[in-house]
Amino acid sequence: GEDVEQSLFLSVREGDSSVINCTYTDSSSTYLYWYKQEPGAGLQLLTYIFSNMDMKQDQRLTVLLNKKDKHLSLRIADTQTGDSAIYFCAETGTGFQKLVFGTGTRLLVSP
Amino acid sequence: DAGVTQSPTHLIKTRGQQVTLRCSPKSGHDTVSWYQQALGQGPQFIFQYYEEEERQRGNFPDRFSGHQFPNYSSELNVNALLLGDSALYLCASSSNTDTQYFGPGTRLTVL
């Protein structure tokens, strides 16, 4: 079956690095995504990684994928107060790209 | 370049009523997916439309139906509203099976 799990809450200080973790169960996942949601808003695509990759870096964001353990992480370097939001991990199998989301990790960045 | 747009922004209905939500995809996209996000949860896939046909459907009752028009815009209809249908309804567009980009959502409140 398809299931994605995330820790619920993470609190960091401004300037620190944040690491948000995600585990998934669908071994046929083709792409894995990270989306950001600010209060009352839709989902903003942050980055994604193809399942045959181990790592992807995009400016302050680093995605690490351990396919054997079905573990995905998002590292945000030099975290800013504007990074405070809910972060969702999502996976999609082959076929028509239905996204399966985790419950989201609320990131709180304090000055 | 306009992103994904949704209307209305907010909607209040009473139990038993019917509602129609609308979505215009990002320019160049031909596929629309709908998701329901209950408070404090991750988005749940409702269905996806491609070439004016429902291509894939999640675990939602038949009260949820949709349509895609020749210009690729889409509607989500919910009949016989229940209190539990209160949620943020998100539309995502993509170019066929490519990455999905989300709109700002429609907040539906059922009283």
Side-chain angles (χ1 to χ4, degrees), chain A residues 1-9 20-26 28-51 53 56 58 61 63 72 74 85-107, chain B residues 2-10 21 23-26 29-51 53-60 66 68 87-109:
Chain A
E2 305 158 327
D3 192 24
V4 177
E5 293 192 358
Q6 299 179 240
S7 53
L8 291 180
F9 187 74
I20 302 171
N21 294 302
C22 167
T23 57
Y24 61 98
T25 57
D26 188 354
S28 68
S29 292
T30 308
Y31 285 96
L32 295 129
Y33 298 86
W34 285 102
Y35 286 88
K36 175 184 179 182
Q37 187 174 40
E38 300 190 48
L43 300 179
Q44 174 193 351
L45 176 67
L46 288 178
T47 188
Y48 61 91
I49 189 167
F50 189 51
S51 58
M53 297 170 65
K56 180 179 180 181
D58 185 358
L61 305 179
V63 179
L72 182 74
L74 173 69
I86 301 175
Y87 290 79
F88 289 96
C89 166
E91 57 99 1
T92 180
T94 54
F96 300 127
Q97 306 299 311
K98 175 183 83 169
L99 290 174
V100 178
F101 286 87
T103 51
T105 299
R106 183 178 296 274
L107 174 65
Chain B
V4 181
T5 59
Q6 293 186 242
S7 63
T9 306
H10 296 89
L21 310 181
C23 172
S24 290
K26 190 173 160 66
H29 286 180
D30 57 9
T31 302
V32 173
S33 304
W34 286 92
Y35 294 80
Q36 180 195 65
Q37 185 180 20
L39 200 61
Q41 302 294 318
Q44 299 289 318
F45 175 76
I46 303 175
F47 41 54
Q48 184 181 87
Y49 277 84
Y50 174 69
E51 292 188 342
E53 296 283 333
E54 182 183 291
R55 178 160 70 177
Q56 192 173 13
R57 188 179 181 93
N59 294 326
F60 279 80
Q68 185 178 34
L88 181 68
Y89 288 85
L90 294 163
C91 166
S93 75
S94 58
S95 177
N96 200 353
T97 58
D98 209 343
T99 302
Q100 295 183 25
Y101 292 86
F102 284 79
T106 294
R107 172 74 62 189
L108 173 65
T109 302

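Proteins get letters first, then strands, A, B, ... in listed order; numbering begins at 1 in each.
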Side chain to side chain, V100(A) and Y24(A), heavy atoms closer than 4.5 Å: no
Note, Y35(A) side chain near P43(B) side chain (heavy atom, < 4.5 Å): no
Residue pair C22(A) / Y87(A), side-chain heavy-atom distance below 4.5 Å: no
Main-chain N/O of D30(B) paired with Q68(B) side-chain donor or acceptor, under 3.5 Å: yes
Minimum side-chain heavy-atom gap F102(B)-V4(B) below 4.5 Å: no
Pairwise side-chain contact, L61(A) with W34(A), heavy-atom cut-off 4.5 Å (strictly under): no
Derivation and outcome, side-chain contact (heavy atoms from CB on, under 4.5 Å), residues T31(B) and R55(B): CA-CA 10 Å; T31(B) 302; R55(B) 178 160 70 177; 3.8 Å; yes
Residue part contacting chain A, namely of Q37(B), when any heavy atom lies under 4.5 Å: side chain
Interface moiety of L43(A) toward chain B, non-hydrogen atoms closer than 4.5 Å: both
Under 4.5 Å from any heavy atom of chain A - which part of Y35(B): side chain
Aromatic plane relationship, Y33(A) with Y31(A) - under 30° parallel, 30 to 60° tilted, over 60° perpendicular: tilted
Residues of residues 88-95 of chain B within contact distance of chain A, non-hydrogen under 4.5 Å: L88(B), L90(B)
Which portion of Q44(A) sits near chain B, non-hydrogen atoms under 4.5 angstrom: neither
Most contacts with chain B, counted as non-hydrogen pairs under 4.5 angstrom, among L45(A), T103(A), L99(A): L99(A)
